[in-house]
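So the structure is just underneath, and the comments pick up after that.
Numbers for residues simply follow the sequence, beginning at 1. Both backbone and side-chain heavy atoms feed into the values below; hydrogens, waters and symmetry mates do not.
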Amino acid sequence: MMNTLSTGKTAEKPFRKTGNPVELTSESPLHPRRKSHRIMVGSVPVGGGAPISVQSMTNTLTANVPATLQQIAELTAAGCDIVRVAVPSQDDADALPEICRKSPVPIIADIHFQSKYVFQAIDAGCAAVRVNPGNIRKFNEVGPSICKAATDAGISLRIGVNAGSLDKELYAKYGGPTPEALVASALKEAHMFEDVGFHDFKISVKHHDVITMVETYRLLASKGDWPLHLGVTEAGPAWQGTIKSCLAFGALLAEGIGDTIRVSLSAPPVEEVKVGCKLLEYMGLRPRKFDIISCPSCGRAQVDVIQLASAVTEGLKDVTAPIRVAVMGCIVNGPGEAREADLGVASGNGKGQVFIKGKVIETVPEDQIVDTLLTKAQEIAAQMEADGLVPVNATGLVVVPIQHPSR
């Protein structure tokens, strides 16, 4: 296999015309990033030390262009870097030119079975195409033509395998979708591309089981320098899928493995993006944005901290300025947490001490805590916006429980 890091060829390929030549880095504070070569998905760099991008997929009928563009706009507003759209029919393929032309972010066409849609997607202006060599009819015959079309258009491809679509021979050989089987399948597909001189692709090896998924990506990462697309496939409903994705991505990202991520949830796609962006923030791989710290309810609480935190969360759901608000319910951790936040309240005994930047600014009755916090937070956010301190594509809040030491 060609080592693109040592040869430097990939960085000089003409398809980079679509991207930003500036070498961006996004290093983890926990572990050096794995060395991978860089590809471009439109203007978004993937691999080679580029910031880890967040992807999602529309769940509209792609042929319904207005609905699809509306969802793409919502995903972009939530912080999504790349959006994938399904192309299972001719009507969907016909909709791609308008979608690509009007989308604010790069579009990836997701194509199975019909190779003709791959060529249509490339002609339509898609930034990349997700192809599955395992289910594209006569891929050995059409594969070289797909690679040539992608090269001529200056776009990249994504290949990979899911546990549910593993090649039958490999399934039998390894006794199921084991890490070894999934990696063997991915290597087979990668070599199909490399054998015809195409190297501008990323790989995914998804599984629904967290441990299997982590072991699979670790094994694949040791086999070459391809950029890796992380995903826990069929992760489940929002709460379950969020836990699975955070565990799997957290383990791999803490080891420096992963170049782009997609959180798969049985939930509106915007929720996938929110989880993905916040996950990267908390891993130190994106700048911190808006954040709420709140304590769990316990027997020490002298106020209804659950109701208090919920009311503040709802009231500030649209704030995107990078401020941290602490909503605390007792005197054990309350003053300390409130003092460390940009804005906070330590509640108890029918009142709350309100802190800004570590200093108590006022003490208010319990029934005024929510309104006071909302007003002060909006003032701080407005000032940060006026000072140009709100990041582009800043996302909304997420609640982080703070566990008491004694619990």
Exercise for the section: On the 0 to 90° scale, with breaks at 30° and 60°, tag the F198-F193 ring pair as parallel, tilted or perpendicular. Expected result: tilted
Exercise for the section: Inspect the surroundings of CG in L374 and state if more than 12 heavy atoms from other residues, nucleotides or ligands are less than 6.0 Å away. Expected result: yes
Handout entry: Qualifying residues under side-chain contact (heavy atoms from CB on, under 4.5 Å), relative to K188, sequence neighbours excluded
Key = D167, M192
Exercise for the section: Using a strict cut-off of less than 4.0 Å between a Lys/Arg side-chain nitrogen and an Asp/Glu carboxylate oxygen, indicate whether E169 and K173 qualify as a salt bridge. Expected result: no
Practice task
Taking S294 for its side chain and V327 for its backbone only, find out whether a donor-acceptor pair lies under 3.5 Å.
Solution key: no
Exercise for the section: Salt-bridge test for R34 and D225: reply yes if a basic N is under 4.0 Å from a carboxylate O, no otherwise. Expected result: no
Practice task
Inspect the surroundings of CD in Q307 and state if more than 12 heavy atoms from other residues, nucleotides or ligands are less than 6.0 Å away.
Solution key: yes
Problem - Side chain to side chain, F139 and E189, heavy atoms closer than 4.5 Å - result: no
Fill in the blank from the handout: Per side chain to side chain donor-acceptor pair (under 3.5 Å), Q71 is matched among N59, T76, N64 by N59
Handout entry: L252 vs M213 side-chain heavy atoms within contact, under 4.5 Å
Key = yes
Problem - T372 side chain to V354 backbone, donor-acceptor under 3.5 Å - result: no
Exercise for the section: Please test V205 against L228 for side chain to side chain contact (heavy atoms under 4.5 Å, CB included), starting from the C-alpha separation and ending with a verdict. Expected result: CA-CA 9 Å; V205 279; L228 300 181; over 6 Å; no
Exercise for the section: With side chain to side chain contact (heavy atoms under 4.5 Å, CB included) as the test, would you mind laying out the steps for T260 and K202 before giving the verdict? Expected result: CA-CA 9 Å; T260 185; K202 62 182 183 290; 3.9 Å; yes
Fill in the blank from the handout: For V46 and P227 the tightest heavy-atom approach is O-CB, 4.0 Å
Handout entry: Donor-acceptor under 3.5 Å (H229 side chain, I203 main chain)
Key = no
Exercise for the section: Without swapping roles, check the side chain of S245 against the backbone of G241 for a donor-acceptor pair under 3.5 Å. Expected result: yes
Handout entry: Side-chain heavy atoms of D371 within contact of V364, under 4.5 Å
Key = no
Practice task
Inspect the surroundings of CD1 in I211 and state if more than 12 heavy atoms from other residues, nucleotides or ligands are less than 6.0 Å away.
Solution key: no
Practice task
Say whether Q70 and E74, considering side chains only, have a donor N or O and an acceptor N or O under 3.5 Å apart.
Solution key: yes
Exercise for the section: State, yes or no, whether a side-chain contact exists between L230 and S204 at a heavy-atom distance under 4.5 Å. Expected result: no
Exercise for the section: Using a 4.5 Å cut-off on heavy atoms from C-beta on, say whether the side chain of D94 contacts that of Q120. Expected result: yes
Exercise for the section: Count the heavy atoms belonging to other residues, nucleotides or ligands that lie under 6.0 Å from CD1 of I306, then report whether that count exceeds 12. Expected result: no
Problem - Donor-acceptor contact present, side-chain T62 to main-chain A86, <3.5 Å - result: yes
Exercise for the section: Go through the steps for N162 and H207 under the test side chain to side chain contact (heavy atoms under 4.5 Å, CB included), then give the verdict. Expected result: CA-CA 6 Å; N162 284 1; H207 198 285; over 6 Å; no
Exercise for the section: Answer yes or no: is there a donor N or O on one side and an acceptor on the other, between the side chain of Y217 and the main chain of G258, under 3.5 Å? Expected result: no
Practice task
Mark yes or no for whether D92, through its side chain, and S89, through its backbone, hold a donor-acceptor pair below 3.5 Å.
Solution key: yes
Exercise for the section: State, to 0.1 Å, how close S103 and I72 come at their nearest heavy-atom pair, and which atoms those are. Expected result: OG-CG2, 3.5 Å
Problem - pair D304-L308: side-chain heavy atoms closer than 4.5 Å - result: no
Practice task
Report yes if some heavy atom in the side chain of H112 is under 4.5 Å from a heavy atom in the side chain of V87; otherwise report no.
Solution key: no
Practice task
Return yes if some donor-acceptor pair links the side-chain N/O of T58 with the main-chain N/O of V85 below 3.5 Å, else return no.
Solution key: no
Exercise for the section: Taking only Lys NZ, Arg NE, NH1 and NH2, and the carboxylate oxygens of Asp or Glu, determine whether E215 and R218 approach each other closer than 4.0 Å. Expected result: no
Handout entry: Under 3.5 Å donor-acceptor, D81 side chain and V54 backbone
Key = yes
Problem - Carboxylate-amine/guanidinium proximity below 4.0 Å for K357 and D342 - result: yes
Problem - Verdict with supporting geometry, V275 and L265, side chain to side chain contact (heavy atoms under 4.5 Å, CB included) - result: CA-CA 10 Å; V275 173; L265 302 176; 4.3 Å; yes
Problem - Carboxylate-amine/guanidinium proximity below 4.0 Å for R262 and D110 - result: no
Handout entry: Donor-acceptor contact present, side-chain S36 to main-chain G48, <3.5 Å
Key = yes
Practice task
Check whether any side-chain heavy atom of D318 sits under 4.5 Å from a side-chain heavy atom of T320, and report yes or no.
Solution key: no
